[in-house]
Undergrad: 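Structure incoming, see below.
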There are 2 protein chains.
Amino acid sequence: MSDNKSLLDIRKMRILQAIVDDYIMTASPVGSRTVSKRSDMGLSPATIRNEMSDLTELGFLEQPHTSAGRVPSEKAYRLYVNHIMDSAKLTDDEAEYIKRHLDTRVHEVGEVIRQTAKVLSDMTNYTSMVLVPQLSSMKVKRISLIPVSDGTAMAVVVTNTGVTKNAMIRIPESLSPEDIEKISKLITQKLDGHRLAEAIESVLPTIRAEIGEQADAVCGMLEDIERSMSETDVEVVGASNILDYPEYSDAAKARNFLAEIETGDYLQKVLTDSSDVEMTVRIGTENENPDMQDCSVVTVTYKAGGKNIGSMGVIGPTRMDYGKVVAVLKYMSRSLSDILSKLLK
Amino acid sequence: MSDNKSLLDIRKMRILQAIVDDYIMTASPVGSRTVSKRSDMGLSPATIRNEMSDLTELGFLEQPHTSAGRVPSEKAYRLYVNHIMDSAKLTDDEAEYIKRHLDTRVHEVGEVIRQTAKVLSDMTNYTSMVLVPQLSSMKVKRISLIPVSDGTAMAVVVTNTGVTKNAMIRIPESLSPEDIEKISKLITQKLDGHRLAEAIESVLPTIRAEIGEQADAVCGMLEDIERSMSETDVEVVGASNILDYPEYSDAAKARNFLAEIETGDYLQKVLTDSSDVEMTVRIGTENENPDMQDCSVVTVTYKAGGKNIGSMGVIGPTRMDYGKVVAVLKYMSRSLSDILSKLLK
DNA sequence: TGTTAGCACTCGAGGGTGTCGAGTGCTAAC
DNA sequence: GTTAGCACTCGACACCCTCGAGTGCTAACA
């Protein structure tokens with residue numbers, strides 16, 4: 001892939017960039033005349049045509065039909081993202097906008113995540129998604145069990161970073177509220193400072209030793225808790241934005257896209273798969289999901305206390321403004337990381 | 001409005017019904033020939049035409065242009081819903097489908113609500129919404145406070161019906177976990193069996209008397225809790241279904257509609273406004289929201305233990321299949337009420 | 001050798017025209 | 001009161017034409 005760069009001389013690169021830039025703005029095929037005028041390289045359309053012909057042969061451009069302009073191929077976007085795109089700086093206005101709308105006084109993680117998704121979508125006018133920080137990687141500080149009715153209780157897990165999550169779990173009907181409180185204290189004490197998944201295995205024997213008879217019940221409860229803790233939540237905003245782009249003016253296509261967004265399965269998969277890579281860009285068919293193969297997904301991670309705890313991303317047409325999206329995402333990643341680091345102490 | 005019935009003789013009614021039925025299916029203007037054939041009244045198209053002309057004059061039909069068929073007006077839908085529509089029975093298959101997909105073994109309210117919304121949307125192919133049972137009308141059984149970090153705690157409210165809700169609240173930094181536990185027990189004891197809103201007023205003085213110094217803090221906490229308990233959650237499923245209907249083939253229109261659905265504000269308003277009326281139907285411009293004025297919203301309430309605790313509804317084009325929607329909603333209302341009544345004991 | 005002007009060619013978009021068919025309203029006859 | 005007949009309307013659709021943007025090729029130029 002990095003061969004691409006050496007394959008193309010500077011001029012071809014500049015022409016390709018001009019074409020991609022133009023196509024990103026207009027969504028209609030770009031002709032040699034336009035490139036000649038727009039790119040201040042002082043070349044005539046004829047020359048540009050020759051170069052464009054080469055670029056087409058090399059697979060960077062595609063021709064919808066003989067006498068239309070050229071359209072960038074996925075390969076071109078890939079090259080653009082990897083080598084050409086000058087990771088645009090945000091304008092002062094944009095940075096200002098983000099600052100103003102990410103309310104740092106908010107004291108709840110969920111609220112911060114929602115705000116982040118909103119800002120991300122508003123800034124880019126694409127669909128945004130933010131993975132809610134995942135507990136499984138954090139250390140447990142407290143697990144509280146609250147009796148709800150005979151047979152069910154709510155478990156609230158608090159991590160050392162202050163992120164919380166709760167789950168309804170089934171409990172043996174025989175347990176009294178007092179029993180539950182006892183168990184609650186016991187498991188908090190045993191799990192404190194451990195990661196939930198690994199702690200369960202190492203700690204269970206101890207628990208079993210201490211409270212013989214109810215051990216099985218506790219064991220089941222911990223498994224319930226672990227299961228629901230490992231469920232990931234995604235905050236999605238701006239799904240309807242996709243209808244602003246002509247590539248989705250076909251109702252059936254838009255429908256498939258939106259239905260996929262609505263279930264969230266693919267988004268969740270992308271975000272969790274990308275949650276340890278600082279930045280990923282999936283262009284068109286690089287998405288496994290068929291309904292997503294003419295859009296692109298860009299993700300970045302965010303941290304708290306120097307450690308990756310989640311990721312977020314933007315979904316738009318393949319012809320998205322990669323420069324802006326990357327700039328916004330990087331900036332937002334830093335902002336969110338700062339806020340969370342403070343919030344979670 | 002009920003005059004309408006007397007205004008129209010039986011034959012006009014039957015013709016109108018035939019037109020509405022046909023238009024609901026096809027979404028294209030209905031001509032006299034079609035009515036003549038479809039409705040087995042043995043009348044020639046010419047006769048039908050005379051009647052249709054009258055119906056147009058009376059405001060029940062509209063003519064897109066001179067030589068198209070007629071389209072039902074909102075007034076016609078209103079009449080249809082109020083008087084004509086035979087509140088269709090579900091087919092056995094449909095009832096079976098609902099039974100199969102509403103898993104009665106699920107033991108968590110939230111999950112039941114999500115399932116309900118899903119089934120509702122799948123059955124009708126419109127957008128569905130279900131209001132999560134509201135706590136404010138229920139009696140508190142327990143309020144647990146769980147320390148999360150200095151300055152914040154999570155409050156979990158459990159009602160006598162077993163519905164739970166939690167909220168992050170701010171607490172004075174000076175409170176130790178032990179203090180919090182004490183307060184937690186105190187307010188549970190004081191509020192047990194009362195409705196949250198009214199209890200706060202009546203109980204606060206007692207609390208104030210018992211724990212002088214921290215009373216203000218507790219007071220603030222209770223207000224925080226009350227505020228977030230009165231927030232209503234709505235589960236929405238099938239927003240993208242609207243793109244299946246030609247009336248939303250215009251991207252801009254679809255966009256507005258979906259954006260409105262996405263914020264959920266209007267849906268929430270409709271559901272809460274309707275949460276004490278067994279069934280409501282809002283047709284077209286009967287919706288206050290401009291973006292919703294060419295769709296209809298039908299809602300029903302659901303109960304637990306004989307008492308209304310929430311509502312749910314379906315949103316679709318004005319030309320929706322009211323008969324089916326009403327039948328499904330009524331059936332689902334009973335099903336959900338049954339499930340919740342058992343679940344919440 | 002790289003660049004450019006010129007030119008014939010292609011093809012979609014858009015506008016105009018004509019036909020077709022569904023539908024109407026009116027009138028007169030049953 | 002119902003119906004057949006008829007002239008009329010109007011959108012949908014197919015067809016044709018023109019226009020313009022764009023191409024590829026060739027030959028001339030620096």
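Letters A, B, ... mirror the listed sequences (proteins, then strands); counts begin at 1.
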Undergrad: Which of residues 66-74 of chain B sit near DNA chain C, with a heavy atom under 4.0 Å from it?
TA: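 Hits under 4.0 Å, by residue number: B/Thr66, B/Ser67, B/Ala68, B/Gly69, B/Arg70.
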
Undergrad: Summarise protein proximity over nucleotides 25-30 of chain D in one line of letters, 5' to 3': B for base, S for sugar-phosphate only, - for none, counting protein heavy atoms closer than 4.0 Å.
TA: ------

Undergrad: Specify the closest pair of heavy atoms between B/Gly69 and B/Pro64, including all atoms of both residues, with the distance to one decimal.
TA: O-CD, 3.4 Å

Undergrad: Give me the atom names and distance for the closest heavy-atom approach of B/Arg70 to B/Ile19.
TA: O-CG2, 4.3 Å

Undergrad: Taking it one step at a time, do B/Glu94 and B/Met123 satisfy side-chain contact (heavy atoms from CB on, under 4.5 Å)?
TA: CA-CA 8 Å; B/Glu94 290 169 332; B/Met123 293 275 311; 3.7 Å; yes

Undergrad: Using a strict threshold of under 4.0 Å (side-chain N to carboxylate O), is an ion pair present between B/Arg255 and B/Asp250?
TA: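 Judged by the 4.0 Å cut-off on N to carboxylate O distance, B/Asp250 and B/Arg255 do not form a salt bridge.
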
Undergrad: Both atom distances under 3.5 Å, Watson-Crick or G-U wobble: I'd like the secondary structure of DNA chain C as a dot-bracket string, with | for pairs made across strands.
TA: ||||||||||||||||||||||||||||||

Undergrad: Rounded to the nearest angstrom, tell me the gap between atom CE in B/Met52 and atom P in C/dG23.
TA: 9 Å

Undergrad: In terms of the nearest nucleotide of DNA chain C, which residue is placed more toward the 5' end: B/Gln63 or A/Glu51?
TA: A/Glu51

Undergrad: I need the minimum non-hydrogen distance between A/Ala117 and A/Val237, along with the two atoms involved.
TA: CB-CG2, 3.6 Å

Undergrad: Which heavy-atom pair separates A/Arg319 from A/Pro246 by the least distance, and what is that distance?
TA: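 For A/Arg319 versus A/Pro246, the nearest heavy atoms are NH2-CD, 3.8 Å.
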
Undergrad: Taking only residues at least two apart or on different chains, which pairs with a member in residues 28-39 of chain B satisfy salt bridge (Lys or Arg N to Asp or Glu O under 4.0 Å)?
TA: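 Only B/Asp22-B/Arg38 qualify under salt bridge (Lys or Arg N to Asp or Glu O under 4.0 Å).
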
Undergrad: Give the rounded distance in Å between these two atoms: CG of A/Asp9 and C1' of C/dT1.
TA: 15 Å

Undergrad: Map B/His65 and B/Gly42 onto DNA chain D by nearest heavy atom, then report which one ends up closer to the 5' terminus.
TA: B/Gly42

Undergrad: Could you tell me how far apart A/Ile19 (CD1) and D/dA21 (P) are, to the nearest whole angstrom?
TA: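 Checked: the CD1 to P distance equals 18 Å.
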
Undergrad: Checking all strands, does A/Thr47 fall into the base, sugar-phosphate, or nothing category for heavy-atom contacts under 4.0 angstrom?
TA: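 Base contact.
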
Undergrad: Is any side-chain heavy atom of B/Leu120 closer than 4.5 Å to a side-chain heavy atom of B/Leu329?
TA: yes

Undergrad: For B/Asp54 and D/dT2, what is the distance between atoms CG and P respectively, to the nearest whole Å?
TA: 11 Å

Undergrad: Just how far, in rounded Å, is C1' of D/dT23 from CD of A/Glu57?
TA: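 After rounding, the gap between these two atoms is 15 Å.
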
Undergrad: Please report the closest heavy-atom contact between A/Ile98 and A/Tyr331, naming both atoms and the distance.
TA: CD1-CD2, 3.5 Å

Undergrad: Would you sort out whether B/Met129 and B/Leu271 count as a side-chain contact (heavy atoms from CB on, under 4.5 Å), showing the intermediate values?
TA: CA-CA 8 Å; B/Met129 55 187 185; B/Leu271 284 178; 3.8 Å; yes

Undergrad: Tell me the interatomic distance from B/Leu61, atom CG, to C/dG23, atom P, rounded to whole angstroms.
TA: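 Taking atom P of C/dG23 as the reference, CG of B/Leu61 is at 14 Å.
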
Undergrad: Roughly, in whole Å, what's the span from CD1 in A/Ile48 to P in D/dG24?
TA: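 A/Ile48 atom CD1 is separated from D/dG24 atom P by 13 Å.
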
Undergrad: What pairs of residues pass the salt bridge (Lys or Arg N to Asp or Glu O under 4.0 Å) test when at least one of them lies in residues 278-289 of chain A, not counting sequence neighbours?
TA: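 Counting only pairs at least two positions apart or across chains, the salt bridge (Lys or Arg N to Asp or Glu O under 4.0 Å) contacts touching residues 278-289 of chain A are A/Arg78-A/Glu286, A/Lys269-A/Glu288.
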
Undergrad: Please list residues of residues 21-38 of chain B whose heavy atoms come under 4.0 Å from any atom in DNA chain C, ordered by number; otherwise none.
TA: B/Gly31, B/Ser32, B/Thr34

Undergrad: Please determine whether side-chain contact (heavy atoms from CB on, under 4.5 Å) holds for the pair A/Thr280 and A/Val298, giving the CA-CA distance in whole Å, both sets of side-chain angles, and the decisive distance to 0.1 Å.
TA: CA-CA 6 Å; A/Thr280 71; A/Val298 183; over 6 Å; no

Undergrad: Between A/Ser240 and B/Glu262, does a side chain to side chain donor-acceptor pair (under 3.5 Å) hold up when you go through it step by step?
TA: CA-CA 8 Å; A/Ser240 53; B/Glu262 210 176 332; 3.3 Å; yes

Undergrad: Ring pair (Phe, Tyr, Trp, His ring centres under 6.0 Å) with A/Tyr322: which of A/Tyr23, A/Tyr77, A/Tyr126?
TA: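 So, applying the ring pair (Phe, Tyr, Trp, His ring centres under 6.0 Å) to A/Tyr322 and each of A/Tyr23, A/Tyr77, A/Tyr126, only A/Tyr77 qualifies.
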
Undergrad: Can you check the A/Leu55 CG to D/dG22 P distance for me, whole Å?
TA: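 To the nearest whole Å, that distance equals 17 Å.
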
